[in-house]
Number of protein chains: 2
Amino acid sequence: MPRGKQPNSSRSIWSPPLTVRRLSIYLRYLEELANQGQQTVSSRQLGQALGLTDAQVRKDLAWFGHMGRPGVGYRVAAMVEQLRAIFGTDKVSSVAVIGVGSLGRALLRYKGFLSKGFRLSAAFDVSPQRIGRSLGECVVQPLDELEKVIAQQGIRIVILAVPAAVAQEMADRLVRAGIVGILNFAPVTLTVPEGIAVIPVDMAVQLEQLAYMINAPRPGVSGRPRRRQSSG
Amino acid sequence: MPRGKQPNSSRSIWSPPLTVRRLSIYLRYLEELANQGQQTVSSRQLGQALGLTDAQVRKDLAWFGHMGRPGVGYRVAAMVEQLRAIFGTDKVSSVAVIGVGSLGRALLRYKGFLSKGFRLSAAFDVSPQRIGRSLGECVVQPLDELEKVIAQQGIRIVILAVPAAVAQEMADRLVRAGIVGILNFAPVTLTVPEGIAVIPVDMAVQLEQLAYMINAPRPGVSGRPRRRQSSG
DNA sequence: ATCTGTGAAAAGATTCACAGCC
DNA sequence: GGCTGTGAATCTTTTCACAGAT
């Protein structure tokens, strides 16, 4: 299936998946630079801070038109704005947390989502002991309310933090309720209809990957230079 | 730099990075099948459950020798054993949690790591209010004890759950203390020496990826069939 | 008939290297 | 001088398709 060639200067652009992963990382670092008052940044500086080559940074950023100026670099503030628009996080959107075990509670208490464009505005659980408890800026509600609250608040994304055994049936129910994106912390692969996005986050899997990297280091590597962390 | 061709039947094998990511997912599913008492599984069944093609499953599993039998499939139990050996999780290893904020506490309380080969056996924090508190199976210790405990317990992997502002300096200290793998929950890119493995896990970044997928769906997709979640 | 293992082809991603702008 | 944008080359990953094992 053919896909358009590189640059594209209008809104809501398609970019290759691995590029999109890095765009988030660029954005995070550019926000830091903006806070520090830095005006412009070169592909070289970005690459060094993030463990990428300068060529790769330029290719990635070239996906949405001519953003850099030769001899100068990229304008930090403009870049942040454009990246947020690409992710659709220039406006804050509401997110529900399904399952308020220890992980769900930790996420509800985390203060960093809002500045990234996400407001955790509803929380649900089955357990009567948890219902009514106030966490972050929401009160835990019973699951009966799920469909109603999702519709009322226009929620399209949820964080799924329920036990593995019930994750698939809950995902089905969420999709019926109109959810289109699921951040899945349950250690199972979800099956969802076409058009629904799922990002899996399994911490045991991540530890396993780390164990592999330690036990079976990449061949041909022997060097001294400081490296940056791989993607995530 | 040339790399060996495909199959390799001895221990601790190199496989392509994207294959290794999937191996964890195969293992998770195979463990489930083993619990259900299933003896063998075909590449087709694995693929369907996990949203992959059967050819891809076969290529991935072929990296460590002839494990399947034509006309029959793969032996579930043998596969689980071999995958655990590849990840080095056939023996339990000790992991320390650095930073006992709400996320650190949630991880310490999570019961699922042990069966995956990881024991969270030490926890550290700066805050006097947190020190001495008992969480999961450990008592929170002051950071002064860090180097001593890491050496005593032979800890090689840590979960880093400290604020972004201090993550890099803590990573440097951990590396000096002999740590070789870091699961990094701080929303910054760490710079570490060659030979140290870092896996970044930034939940805001994951939500951002989800937002992108919802706002800019892949072109040329329109279908009906049920899909599985992408990798993670 | 079912299912694996694997070359060969296709698609995707990264690196190289350099023309051209500031 | 420094720096971007981008074709061309290289490397990696996925898909195809089928020989051969059970």
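Per chain, numbering begins at 1; letters A, B, ... match sequence-line order.
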Self-check item: Rounded distance in Å - CZ (B:R21) to P (D:dT12)
Solution: 17 Å

Exercise. Compare side-chain N and O positions of A:Y74 against OP1 and OP2 of D:dG5 and report whether any pair is under 4.0 Å apart.
Key: yes

Quiz item: Going 5' to 3' along nucleotides 13-22 of chain C, which nucleotides have protein heavy atoms under 4.0 Å from the base (write B), which only from the sugar-phosphate (write S), and which from neither (write -)?
Solution: SSB-B--BBS

Quiz item: Given atom CD of A:Q45 and atom C1' of D:dT4, what is their separation to the nearest angstrom?
Solution: 15 Å

Quiz item: Rounded to whole angstrom units, what separation is found between the CZ atom of B:R75 and the C1' atom of C:dT4?
Solution: 15 Å

Quiz item: What pairs meet the salt bridge (Lys or Arg N to Asp or Glu O under 4.0 Å) rule with one or both residues in residues 48-66 of chain A, with sequence neighbours excluded?
Solution: A:R22-A:D60, A:D54-A:R58

Quiz prompt | Results of salt bridge (charged side-chain N to carboxylate O under 4.0 Å, His left out) for A:R156 - residues two or more places apart only | solution = none

Quiz item: Got a sec, which pairs hit salt bridge (Lys or Arg N to Asp or Glu O under 4.0 Å) with one end in residues 164-188 of chain A, sequence neighbours left out?
Solution: A:E147-A:R173, A:D172-B:R226

Practice problem: Keeping to residues at least two apart or across chains, list the salt bridge (Lys or Arg N to Asp or Glu O under 4.0 Å) pairs with something in residues 204-213 of chain A. | Solution: A:E208-B:K116

Quiz prompt | Value in whole Å for how far the C1' atom of C:dT4 lies from CG of B:D54 | solution = 10 Å

Quiz item: Which whole-number value in Å describes the distance from A:M79 CE to D:dT4 P?
Solution: 11 Å

Self-check item: B:M67 CE - C:dT4 P separation (whole Å)
Solution: 13 Å

Practice problem: Quick one: which residue pairs count as a side-chain hydrogen bond (donor to acceptor under 3.5 Å, both in side chains) with a foot in residues 71-81 of chain A, not counting sequence neighbours? | Solution: none

Practice problem: For B:L46 and C:dT4, give me the distance from atom CG to atom C1', rounded to whole Å. | Solution: 13 Å

Quiz item: Between B:R44 (CZ) and C:dA1 (C1'), how many Å, whole number?
Solution: 13 Å

Practice problem: Determine whether more than 12 heavy atoms belonging to other residues, nucleotides or ligands lie under 6.0 Å from atom CD of A:Q38. | Solution: yes

Quiz item: Side-chain N or O of B:S43 less than 4.0 angstrom from OP1 or OP2 on C:dC3?
Solution: no

